[in-house]
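Positions are given from 1, in the same order as the sequence printed here. Hydrogens, waters and symmetry mates play no part in the numbers below; they use all other heavy atoms, side chains included.
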Amino acid sequence: MPCRVPVRPAGPTRFGLLLLGLLLVCMCVCARAESRDYYELLGVNREATSREIRRAFKKLALTMHPDKNPGDPSAHDRFLQVSRAYEVLKDEDLRKKYDKYGEKGLDEQQGGRYESWSYYRYDFGIYDDDLEVITLDRGDFEAAVNSGEIWFINFYFPRCSHCHQLAPTWREVAKEMEGVIRIGAVNCGDNNRLCRSKGITSYPSLYIYRTGQVKKYHGERSKENLVQFSMQFITTTVTELWQGKPRKLARHRWLVSFSFGDRGLASNEYKKLQALLRNDHIQVGRVDCLSDAELCRSLYIHKSCLAVFKGLGIHDFEIHHGKDVLYNIVGFAKESVNAHVTTLRPDNFPSDRKEPWLVDFFAPWCPPCQALLPELRKASIQLAGQMKFGTLDCTIHHDLCSMYNIQAYPTTVIFNRSSVHEYEGHHSADGILEFIQDLVSPSVVVLDPDSFRDKVKGRAEGQIWAVDFYAPWCGPCQALMPEWRRMARLISGQILVGSVDCQRFQPFCQSQGVRSYPEIRLYPHNTRQPDRYMSYNGWHRDAQSLKLWVLSSLPRVSVDLTPESYRSLVLSGREHWVVDFYAPWCGPCQHFAPEFEVLARMVKGEVRAGKVDCQAHYQTCQSAGVTAYPTVRFYPYIGTTKSGEYVNSRDAHVIADVLRQRLEQLSKQSHSKLKVTTG
């Protein structure tokens, strides 16, 4: 029999009240510690650059790391917080989400591990603190090597001993070649994808990059040999800088340096700029805003900067917000004169919205903003004549940004006459183009409780719906949005796609049993059970993975062929056939299977579709000349025994076009033979 302890009724004793007070204070302190701001944790302000964030974290790592504090039981948890703050703020996409939504906009599984103290002390970026060696990452590598300057780049790995041995020599080379060529370094530990794309397989790998030319260095890694090797690629052109007058800005293409009494760029940099931009017909000049204050005020230029005037009027220009180094300035100037992005001010802001505009509200100190600007230029070229592009600096035009409730940077808004749409996709030209395309012709149906009941629950026989239940503040939901739209376009005409905003319709989502975001569901074609659905539990949420999942729910149109039915129906029958030869263990075959069903539906009534299992029917596949899986062959009926024609594609739409073109060709040949016989 269990022991029972008598319990005295609780009363408001002095000790109890004191204990309760201490508990409340402890809870407040804990809550404050848990929700501490990431910028505060690293000791940087919200305008900090990526390099400043990295330096701040390294400084903390060397003092706070548990390896240096073995007697402190809280050291692990405190350093884990700092490490997570660094992982979020160093990533431009995560940083934007954190700035806008705080921690609730991030994936809870982000972070959770760190390296040893010695790694941060000795291996955490060999050239991070060097002024002579320029560290390049994935965001600015292409702009650097395509700027027209000569680059000598060291691809290294932090844990590579040879890389550390080379570092002092590499710094000496950088000092020796200063002003002649650029000496760079790429940390392949942080930029693995970039290094793999450049074919880097060993460390250190040293490459010269000159426009249209890439050369690897294979010799001894001494200062003398490295300098001698790089000098082979240098040709010198020195041109005196022309100092223009502001009125000429309206009639020609110009790169202009605005200064306030200071010299701005060094004179040798101006000389290089003029030489590098000559072939693009871009002139280089300077304006001293102390001498021409009225012009600078009218353009809202309050500090030294560089701007490109495009020859379309003095107010059509774009300000440079990247690094003030030659390769970055040259790349910006060449892009800007061909793009259609305008720096906006109160007097030219599209408030009347008579035509569609894409406006990027940004802050110059924000790394994601700087990464987005070249993508806007690319998108503006592709949408020339259809949409105008502009950027608004919220550090200058505070009131205008507040009017549109801008709370995080960059915030990209599309003004389409009376409607306003905030862009939430990837910071890329392709993402922007897809978003705009989706505004013009929506591929995803926006559902509310009423339309969900009418369209999804009340779906017609044979209809299938894929629905994304999401919350706008949810980080994974934001990442899914462009993929969801892309998937909807890929399966257009096959399956209906919708989305429900669970922040706006929270009670409704709760009534549907939605407990986490994003919740992806598929409502099948069986209308006798309108509430039945399947949830997506896959690891990947990209468009292709989602497409394969939803298409797998379609009822089959193709038929399985045995050796006997293959001979009688395909080879000897009187119908056209398209056949998928596959093996059950073959990964590409499994990915192609739903695509083949889409093809079968597209050509139904014109061409029959069949599948042959080459593991079960090896001889049949061998006799058909199949040596790889999957293999698609077309068997048109032309009045005699058929032989298969290989189709080199795994895209349903491409294959369907090939089949129809072939059938049209056969039809013309048949008519020609008929005319000859009649004649």
Side-chain angles (χ1 to χ4, degrees), residues 29-99 101-130 133 135-139 155-164 167 185-196 200 203-204 367-368 371 475-476 479 539:
V29 171
C30 290
R32 189 178 303 166
E34 287 176 0
S35 59
R36 192 173 172 189
D37 182 77
Y38 282 180
Y39 293 94
E40 183 183 333
L41 279 170
L42 295 181
V44 298
N45 58 40
R46 302 186 80 84
E47 294 80 24
T49 63
S50 298
R51 187 167 185 168
E52 289 169 343
I53 288 170
R54 188 177 176 88
R55 282 178 172 175
F57 173 65
K58 182 175 182 178
K59 185 177 179 181
L60 291 172
L62 296 179
T63 57
M64 292 181 62
H65 197 285
D67 291 355
K68 298 294 288 182
N69 301 275
D72 185 355
S74 65
H76 168 75
D77 290 335
R78 287 191 296 112
F79 188 67
L80 205 60
Q81 279 188 315
V82 171
S83 182
R84 174 169 169 78
Y86 169 70
E87 291 297 323
V88 170
L89 297 186
K90 77 170 185 177
D91 185 288
E92 61 186 41
D93 290 326
L94 292 178
R95 184 176 180 178
K96 183 192 174 184
K97 291 172 187 174
Y98 177 77
D99 287 345
Y101 302 110
E103 286 191 74
K104 67 180 181 180
L106 304 171
D107 186 350
E108 291 182 0
Q109 297 179 353
Q110 181 74 29
R113 67 180 189 86
Y114 50 80
E115 300 284 351
S116 66
W117 180 87
S118 61
Y119 172 83
Y120 297 114
R121 173 64 181 88
Y122 300 107
D123 298 328
F124 192 64
I126 298 175
Y127 301 99
D128 281 350
D129 299 323
D130 285 88
V133 179
T135 296
L136 300 172
D137 57 29
R138 187 163 57 95
F155 295 87
Y156 74 93
F157 194 78
R159 297 187 188 275
C160 154
S161 60
H162 294 295
C163 300
H164 285 273
V186 174
N187 182 343
C188 292
D190 284 347
N191 295 278
N192 181 261
R193 190 189 308 172
L194 169 63
C195 295
R196 281 191 286 116
I200 306 302
Y203 311 108
W539 181 259

Rounded to the nearest 0.5 Å, what separates atom CZ in Phe155 from atom CG in Leu194? 6.0 Å
Contact between Asp128 and Lys58 at the side-chain level, heavy atoms closer than 4.5 Å - yes or no? no
In the structure I gave you, are the side-chain heavy atoms of Gln81 and Tyr38 within less than 4.5 Å of one another anywhere? no
In short, Leu89 meets Tyr98 closest at the heavy-atom pair CD2-CD2, 4.2 Å
Test your reading of the model: is there a side-chain donor-acceptor pair from Asp67 to the backbone of Trp117, 3.5 Å cut-off? yes
Sequence neighbours left out, what passes side-chain hydrogen bond (donor to acceptor under 3.5 Å, both in side chains) with His164? Give chain and number order. Asp123
Let me confirm one number: the OG-CZ distance from Ser116 to Arg121, rounded to the nearest 0.5 Å. 12.5 Å
With a 4.5 Å heavy-atom cut-off, do Asn187 and Tyr156 have their side chains touching? yes
With the side chain counted from C-beta on, respond yes when Leu42 and Ile53 share a heavy-atom pair under 4.5 Å apart, and no when they do not. yes
Could you measure the distance from the CG atom of Leu94 to the NZ atom of Lys96? Nearest 0.5 Å is fine. 12.5 Å
Side chains of Arg46 and Asp37: closer than 4.5 Å at any heavy-atom pair? yes
Report the distance from atom CE of Met64 to atom NE2 of His76, rounding to the nearest 0.5 Å. 12.0 Å
Closest non-hydrogen contact found for Ala185 with Tyr127 is CB-CD1, 3.6 Å
Leu60 side, atom CG; Phe79 side, atom CZ - distance, nearest 0.5 Å: 8.0 Å
If you apply the rule side chain to side chain contact (heavy atoms under 4.5 Å, CB included), what do you find for Tyr39 with Asn45, and how did you get there? CA-CA 6 Å; Tyr39 293 94; Asn45 58 40; over 6 Å; no
For the residue pair Val82 and Arg78, establish whether any side-chain heavy-atom pair is separated by less than 4.5 Å. no
Taking side-chain contact (heavy atoms from CB on, under 4.5 Å) as the test, write out the residues that go with Pro367, two or more places apart. Ser50, Arg95
Please confirm whether the ring centroid of Tyr120 lies under 6.0 Å from the ring centroid of Tyr114. no
Taking C-beta and beyond as the side chain, do Lys68 and Leu62 meet within less than 4.5 Å on heavy atoms? no
Report yes if some heavy atom in the side chain of Arg84 is under 4.5 Å from a heavy atom in the side chain of Glu103; otherwise report no. yes
Taking the ring centre of each residue, are Phe157 and His162 less than 6.0 Å apart? no
